[in-house]
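Remarks on the structure that follows.
The structure presented is a predicted model; accordingly, all values stated were derived computationally and were not measured. In what follows, every chain begins at residue 1, and chains take the letters A, B, ... in the order their sequences are listed.
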Protein chains: 2
Amino acid sequence: MSDKKENNLENRAFTEECHTVLNAVSDTLYAVGGKWKLMIIIAMARGSKRFTEIQRQVSGISARVLSSELKELEMNGFIIKKVENGYPVSIEYELLPYSQTLEEVVNAMTKWGIQHRAKVKSEHTAKKSKK
Amino acid sequence: MSDKKENNLENRAFTEECHTVLNAVSDTLYAVGGKWKLMIIIAMARGSKRFTEIQRQVSGISARVLSSELKELEMNGFIIKKVENGYPVSIEYELLPYSQTLEEVVNAMTKWGIQHRAKVKSEHTAKKSKK
DNA sequence: CTGTATCCTGGATGATACTG
DNA sequence: CAGTATCATCCAGGATACAG
């Protein structure tokens, strides 16, 4: 009986912890998931500041999508748009400190992506040599 | 002149490193991005094995989507489907060791998601108290 | 250069019903 | 319980043209 009680408590704690994790990951996916947001931040962390520059780094993104992603990133406090009046007007985007909080996430994903690609490639090679 | 040369070399190295990171993150997003895959893996890591059990943990997922996601996860070597003949037939899904490689990614995302939610909430509160 | 406006399509997802 | 079938819907994102 006390065993059962303990199990219930354990299960409940487990389920709660599970929901915490699930919600947190869900939030992260919502904030920086999708094809582009992280990519843009990475490109900017590497020095890209101008619209066209970012578009060139993040291959495949269209102007329309880049524009709307930049707006969202600005709204969420990741970046800021700076307009310098001059001839011609110069527009630059800059990372705000908050985007640095993503460093761990980006590092983990980079690491995983590299090993995953290696794994897929080795499987592919193994397949070919079997044929 | 040699300054310029060095800069070019540096820039090239920088651009290459940038592409490496971009590609790696892109691969990761492709493999486990999307709304569901990570969530399913998390639920399973917390003990869910049966179809319905997983569906209950991962709130909001439909049977059709869960079914197709499980198939993809199996194809990509994250999980395995085990069928035990009996009365009635029992079907369980199990995580394979490969899904453990995602631990760091999940941890980083969990941590970030939690602090992000806290940040958003505090901003929201600040807004309200200003009104 | 830095975008915006429009139009359009495929694919992802929801709802619901059904099967073994 | 563990899915599949079918239909309807929605929206991210591509293509292209245009604007300040």
Open item on the list: Within the supplied structure, the quantity of interest is the number of heavy atoms (other residues, nucleotides, ligands) at a distance under 6.0 Å from Tyr30(A) OH; does it exceed 12?
Closed with: no
TODO: For Glu103(A), look at atom CD and say whether over 12 heavy atoms of other residues, nucleotides or ligands are found less than 6.0 Å away.
DONE: no
- [ ] Measure the spacing between CG of Leu70(A) and CD of Gln55(A) and express it to the nearest 0.5 Å.
- [x] 10.0 Å
Task: Separation of Glu92(B) CD from Ile80(B) CD1 (nearest 0.5 Å) - done: 12.0 Å
Open item on the list: If the threshold is 4.0 Å, N to carboxylate O, is there a salt bridge linking Glu123(B) and Lys119(B)?
Closed with: yes
Task: Considering all heavy atoms, the nearest Leu22(A)-Gln57(B) contact - done: CD2-O, 3.7 Å
- [ ] Please report the closest heavy-atom contact between Ser26(B) and Met39(A), naming both atoms and the distance.
- [x] CB-CE, 3.5 Å
Task: Ile41(A) vs Phe78(A), side-chain contact (heavy atoms from CB on, under 4.5 Å): CA-CA, chis, key distance, verdict - done: CA-CA 8 Å; Ile41(A) 290 175; Phe78(A) 291 113; 4.2 Å; yes
TODO: Flag the pair Glu104(B) / Trp112(A) as yes when at least one side-chain heavy-atom distance between them is below 4.5 Å, and no otherwise.
DONE: no
Open item on the list: With a 4.5 Å cut-off on side-chain heavy atoms, are Lys37(B) and Glu72(B) touching?
Closed with: yes
- [ ] Take the C1' atoms of the five end pairs on each side of the helix from dC1(C)-dG20(D) to dG20(C)-dC1(D), get both axes, and report the angle to 10 degrees.
- [x] 40°
TODO: Indicate for each nucleotide in nucleotides 2-20 of chain C, in 5' to 3' sequence, whether protein heavy atoms under 4.0 Å reach the base (B), only the sugar-phosphate (S), or nothing (-).
DONE: SSS-B------BBB-----
Task: Opening and closing nucleotides of DNA chain D in contact with chain A, under 4.0 Å to non-hydrogen atoms - done: dG13(D) to dA15(D)
